[in-house]
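Here is the structure we will look at, set down as structure tokens.
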Amino acid sequence: MAILISPSVLNSDLSNLTGEVARISAADYVHLDVMDNHFVPNLTFGLPVIERLLAATDMPADVHLMIEDPDTWAPAFAEAGAKLVTFHAEASTSPVRLARELRKLGARAAIALKPATAVEPFLDLLSEFDMVLVMTVEPGFGGQSFIDGTLPKIRRTRDAITALGADIWVQVDGGVSRATIERAAGAGANMFVAGSAVYIAEDPNAEISALRELARAAYKD
Ligand code: DX5
Ligand code: ZN
């Protein structure tokens, strides 16, 4: 299973997004947190900013939509060229229809689960998705601490994917750092969002490599 690091720019210098993405050239993706102040109590950036960023960088975009009504708004991010588009299970009315639409537009389609949202209703539908994002904090802000209580859900998700024999990624997002990444990888996560851990580091690319090595050694499918 590919081990992928996707730094979140949420706590970077948002007035210089292109420059901040250039600082993480060792990453596999850049994680872009879109917040609408309704689904979560915070507001970031939307489609026009992402379109301009994608025109200015070759780094593949991993767009995490923390917005209401993704059924209406998510396809435009795939049309804009995001390689991976993640929407929340709690916000989508027809997740399978939306995932199929995103795939048709050429993006990987992913469903995100808040810490208190169960994966079980989605287990029979896993093949409709390219990735499951198991949130390891309550979405809305960077710099929160990793919730260990999400580890059993990561494991159940990975086990169901293995039983299916499918190549579906499990992403974790929130509080991921050198101190927590091995626990997440050991539970079966293979894609890691790290915001503050990467951008606080003096050398973001060295931090990305260190995180990738720790995850590679700890990953268990
Ligand atoms: C939180 C966002 C995360 C956030 C992670 O709601 O979805 O992507 O930027 O930041 P850290 O790594 O600082 O927890
Ligand atoms: Zn995120």
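All of these numbers come straight from a predicted model, not from anything done at the bench. Just so you know, ligand 1 is whichever comes first in the structure, and atom 1 is the first atom listed for that ligand.
- Here the protein heavy atom with the shortest distance to atom 1 (C) of ligand 1 is F141 O, 3.4 Å.
- Across all their heavy atoms, I24 and I208 have their closest contact at CB-CD1, 3.8 Å.
- Of all heavy-atom pairs spanning D62 and Q171, the tightest one is OD2-NE2, 3.0 Å.
- Residue G142 has at least one heavy-atom neighbour below 4.0 Å for each of these atoms of ligand 1: 10 (O), 13 (O).
- Geometry at the Zn ion (ligand 2): NE2/H31 and OD2/D173 form an angle of 100°, nearest 10 degrees.
- Near M66, with a cut-off below 4.0 Å to any heavy atom, the atoms of ligand 1 are 6 (O), 7 (O).
- By the 4.0 Å heavy-atom criterion, G143 is counted among the residues contacting ligand 1.
- Here the protein heavy atom with the shortest distance to atom 13 (O) of ligand 1 is S196 OG, 2.4 Å.
- Side chain to side chain, D33 and T44 fail the donor-acceptor criterion of an N or O pair below 3.5 Å.
- The residues D148 and R183 are annotated as salt-bridged, a charged nitrogen and a carboxylate oxygen being separated by less than 4.0 angstrom.
- Atom numbering of ligand 1 starts at 1 in the shown order; those under 4.0 Å from a heavy atom of G140 are 1 (C), 6 (O).
- Contacts of S8 with ligand 1, taken as heavy-atom pairs under 4.0 Å, involve the side chain alone.
- Here the shortest heavy-atom pairing between W169 and L84 reads CZ3-CD2, 4.5 Å.
- Within ligand 1, counting atoms from 1 as listed, the ones closer than 4.0 Å to a heavy atom of P139 are 6 (O).
- Scanning the protein for heavy atoms near atom 5 (C) of ligand 1, the closest one is D173 OD1, 3.5 Å.
- Nearest heavy atoms, A107 versus A78: CB-CB, 3.8 Å.
- Protein heavy atom in closest approach to atom 14 (O) of ligand 1: G175 N, 2.8 Å.
- Near H64, meaning under 4.0 Å from one of its heavy atoms, ligand 1 places the atoms 7 (O).
- Ring orientation note: the planes of F87 and F129 are tilted relative to one another, at an angle of 30° to 60°.
- In this structure, N11 has no heavy atom closer than 4.0 Å to ligand 1.
- Looking at H64 and the Zn ion (ligand 2) together, the shortest N, O or S contact belongs to ND1.
- Closest of all the heavy-atom pairs between L125 and P121 is CD1-O, 4.1 Å.
- Remark: ligand 1 atoms within the under-4.0 Å shell around heavy atoms of A194 are 12 (O).
- Near G174, with a cut-off below 4.0 Å to any heavy atom, the atoms of ligand 1 are 14 (O).
- For D33, the N/O/S atom at the shortest distance from the Zn ion (ligand 2) is named OD1.
- Checked against a 3.5 angstrom limit, the closest N/O atoms of G195 and ligand 1 fall inside it.
- Nearest heavy atom pair, residue G174 against residue F146, reads O-CD1, 3.5 Å.
- Electrostatic pairing of K104 and E101 does not count as a salt bridge here, judged by no charged N lying under 4.0 Å from a carboxylate O.
- Under a 4.0 Å criterion applied to the non-hydrogen atoms of V193, ligand 1 contributes the atoms 8 (O).
- For the atom pair M191 CE and D173 CG, the distance stands at 10.0 Å (nearest 0.5 Å).
- Contact check for P139 versus H88: side-chain heavy atoms found under the 4.5 Å cut-off.
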